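A short write-up of the structure that comes next.
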Amino acid sequence: MAVGSAVSSPLGPAACDKDAKALQFIEETTRNADLVQERVLAEILARNAHTEYLKRFNLNGATDRDTFKSKLPMITYEDLQPEIQRIANGDRSPILSAHPISEFLTSSGTSAGERKLMPTIQEELDRRQLLYSLLMPVMNLYVPGLDKGKGLYFLFVKSETKTPGGLLARPVLTSYYKSEHFKTRPYDPYNVYTSPNEAILCPDSFQSMYTQMLCGLIQRNQVLRLGAVFASGLLRAIRFLQLNWTQLVHDLKTGTLNPKITDPALKETMTHILKPDPEMSNFITKECSKEDWEGILTRIWPNTKYLDVIVTGAMAQYIPTLDHYSGGLPLACTMYASSECYFGLNLNPMCKPSEVSYTIMPNMAYFEFLPHDPNSARWTARDSPPKLVDLVDVEVGKEYELVISTYAGLCRYRVGDILRVTGFHNSAPQFHFVRRKNVLLSIDSDKTDEAELQKAVENASQLLKEFNTSVVEYTSYADTKTIPGHYVIYWELLVKDSANSPSEEVLSQCCLAMEESLNSVYRQGRVADNSIGPLEIRVVKNGTFEELMDYAISRGASINQYKVPRCVNFTPIMELLDSRVVSTHFSPALPHWTPERKR
């Protein structure tokens, strides 16, 4: 259907009939948000009534909200860990879900240093696919003509393992890319990728990135949008081009594939795509050999209309770098999802990153909201459940922690995301993602909290004991000016015998000891994904942290309540710290990581 005869919807004129149906679905679902939520909860409770978990709370078949709220406690991952471990070990009885658990989705959040295992069921793939199917109809309202070209998206599968009971454990996107939903997706002119499935599904990250980049260069004039999941992933692709463009232009010039590409299915696919193109090779050589890479994305892919990457939350730190390489192209954040559940989408995807709000889709799960007070004491499952707010009853301007109940059997589960209500679309609220609860440092999908950082510093400082040296104070920040980004830890040391102070080698080993202490998501990013660079310790002069306190007090902090911030990102403070650095040290090796979980 031509745009001129487009079907109209309250969101705007749909690009085609298929889009019109999707937009109508969004309208109906958000208009009847409370009814949809009531139905979703009733379905979850009816279906899982005979599970071991729900039977504990004596619902006696009740599926109404009042009974559910009065009898079921709010829980965290740690509360469910015994049940999850039983399922992982092979117990197939209906513990959490009446439907069989099909696999575990490994969260980027961790518990005791290991990725959390989120149980899921086969039909959740349909729910995820439904949300994906709504993204382009919304985007087409804002960016016309996306059916006239392709998307260059850098998408990757990560390593997967099996639990002792034989269930797969892998990240949610790996699960999706390996599913028939993705591999045999019907042709959609508005959603065509330059990367063949074989490149996306290749488990070797170098071969996958190389061939995806090569395909993107070959089809450079057809590319209308560039993307990756996270902003950090797109910057890694740019860095990869910087490091490998000479080999890529050789392949373009000769029509022969880099011998490092050994995956048989990938090699076969590339024979149909790669042909000699000296003109293209010369153009890429000219652009990539320039010293200044500002605007490189639009120089190589001149028809790009926007970048499709997540730049909310911790990813906002990458916006200036993306602007530099793209010449200020719009940044589109399209959806809000996690391993536990896919939540909603951005109905205004071309807005400024600072204004991104996600509309929760009420059909995805049952949503409740815990009013967020940063000063409140930690709540445990033994307490009586606090008053949670329903989806349609949240208040604009207030912050909440997200609590979900899913078809796969999570009930009143605290996701750990802090959201601020910005408005409503019909009766469904729209939220700005504020932050992950308790996360201190993040470069990619890693999330390091204060307790983990403290433990890592303690473990590393053991190496200083034989030199009669200790760490007096420390703070940290995520340095994203390097690609990949890396953790920077500032240490102030107390050296009791300057004749026996720790050497450069010892302090480098301290960096590695810290890395060994961090969680498995961080270590995977270092070892397998190359998404995080070596950890750096910057030793500062004695008295630096006293100066830091003086500065904070000069800005109005109470001397009685002052605590050293364990993470800093305020420019004057970082400038103060960097001006006091006496030595810098980097991790000399990769930390230990294997796909296998600790038993």
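It should be emphasised that the depicted structure is a prediction, and the values quoted were computed from it without experimental measurement.
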For Arg225, all residues meeting salt bridge (Lys or Arg N to Asp or Glu O under 4.0 Å), sequence neighbours excluded:
none
Are Gln524 and Asp529 close enough, and set up right, to give a side chain to side chain contact (heavy atoms under 4.5 Å, CB included), and what steps lead you there?
CA-CA 6 Å; Gln524 180 176 347; Asp529 303 339; 3.7 Å; yes
Tell me if the CD atom of Glu546 is crowded by more than 12 foreign heavy atoms within 6.0 Å.
no
Short side-chain to backbone donor-acceptor contact, Gln509 and Leu463, under 3.5 Å
no
I'd like to know if Arg566 pairs up with Glu473 as an ion pair, taking the criterion as any Lys NZ or Arg NE/NH1/NH2 lying under 4.0 Å from an Asp or Glu carboxylate oxygen.
yes
Would you say the side chains of Asp479 and Thr482 form a donor-acceptor pair under 3.5 Å?
no
Quick one: do the Thr422 and Gln430 side chains pair a donor with an acceptor below 3.5 Å?
no
Whether the Glu575 and Ser579 side chains hold a donor-acceptor pair (N or O, under 3.5 Å, no angle test) is what I'd like checked.
no
Pairs involving residues 229-242, ordered by first then second residue, that meet salt bridge (Lys or Arg N to Asp or Glu O under 4.0 Å) (sequence neighbours left out):
Arg236-Asp444
Would you call Val403 and Met74 a side-chain contact if the rule is heavy atoms closer than 4.5 Å?
yes
For Phe343 versus Leu131, what's the shortest heavy-atom pair and its separation?
N-CD2, 4.3 Å
Run the side chain to side chain donor-acceptor pair (under 3.5 Å) test against Tyr176 and tell me which residues pass, sequence neighbours left out.
Gln129
Please assess His486 against Ile443 for the test side chain to side chain contact (heavy atoms under 4.5 Å, CB included), listing each intermediate value before the final yes or no.
CA-CA 7 Å; His486 69 292; Ile443 292 290; 5.6 Å; no
Output all residues satisfying ring-ring contact (aromatic ring centres under 6.0 Å, His included) with Tyr366, sequence neighbours left out; order by chain, then residue number.
Phe68
When you compare the side chain of Cys510 with that of Trp491, does any pair of heavy atoms fall below 4.5 Å?
yes
In terms of heavy-atom contacts, Leu235 and Tyr318 come closest through CD1-CD2, 3.4 Å
Side chains of Ser442 and Arg435 only: does a donor on one sit below 3.5 Å from an acceptor on the other?
no
Would you check if there is a donor-acceptor pair between the side chains of Glu536 and His585 at a distance under 3.5 Å?
no
Give a yes or no on whether a salt bridge exists between Asp417 and Lys437, defined as a side-chain N under 4.0 angstrom from a carboxylate O.
no
Angle class for the Phe433/Tyr336 ring planes (parallel below 30°, perpendicular above 60°, tilted otherwise)?
perpendicular
The side chain to side chain contact (heavy atoms under 4.5 Å, CB included) partners of Thr298 (sequence neighbours excluded) come to Leu329
Charged N-O contact under 4.0 Å between Glu458 and Lys455:
no
So, Ser461 side chain and Val457 main chain: donor-acceptor pair closer than 3.5 Å or not?
yes
Are the side chains of Pro429 and Leu391 in contact, using a 4.5 Å heavy-atom criterion?
yes
With sequence neighbours excluded, residues passing side chain to side chain contact (heavy atoms under 4.5 Å, CB included) with Val434:
Glu399, Ile418, Arg420, His432
Consider side-chain contact (heavy atoms from CB on, under 4.5 Å). Of Ile238, Thr304, Ile300, which one does Leu226 pass it with?
Thr304
Between Glu160 and Lys158, is the closest basic N to carboxylate O distance under 4.0 Å?
no
Looking only at the side chains, is there a donor atom on one of His592 and Glu516 sitting less than 3.5 Å from an acceptor on the other?
no
Give the minimum heavy-atom separation between Asn346 and Cys333, together with the two atoms involved.
ND2-O, 2.9 Å
Check the side chains of Tyr490 and Arg538 for a donor-acceptor pair under 3.5 angstrom, ignoring hydrogens and angles.
yes
Lys465: which residues meet the side chain to side chain donor-acceptor pair (under 3.5 Å) condition with it, sequence neighbours left out?
Gln462
Please list, chain by chain and in numerical order, all residues satisfying salt bridge (Lys or Arg N to Asp or Glu O under 4.0 Å) with Glu547, sequence neighbours excluded.
Arg580
With sequence neighbours left out, what residues match Glu450 under salt bridge (Lys or Arg N to Asp or Glu O under 4.0 Å)?
none
Could you list the residues that satisfy side chain to side chain donor-acceptor pair (under 3.5 Å) with Glu83, not counting sequence neighbours?
Arg56
Got a sec, which residues hit ring-ring contact (aromatic ring centres under 6.0 Å, His included) with Phe367, two or more places apart in sequence or on another chain?
none
Look at atom NZ of Lys290 and say whether more than 12 heavy atoms of other residues, nucleotides or ligands are closer to it than 6.0 Å.
yes
What I want to check is whether the side chains of Tyr487 and Thr448 have a donor and an acceptor closer together than 3.5 Å.
yes
Applying salt bridge (Lys or Arg N to Asp or Glu O under 4.0 Å), name anything that partners Asp390, two or more places apart in sequence or on another chain.
Arg65, Lys69
Distance alone, cut at 3.5 Å: any donor-acceptor contact between the side chains of Ser338 and Glu340?
yes
Assess, by modelled atom type and distance only, whether the side chains of Glu515 and Tyr522 contain a donor and an acceptor separated by less than 3.5 Å.
yes
Testing the basics here: between Phe431 and Leu419, what is the closest heavy-atom pair and its distance to 0.1 Å?
CD2-CB, 3.5 Å
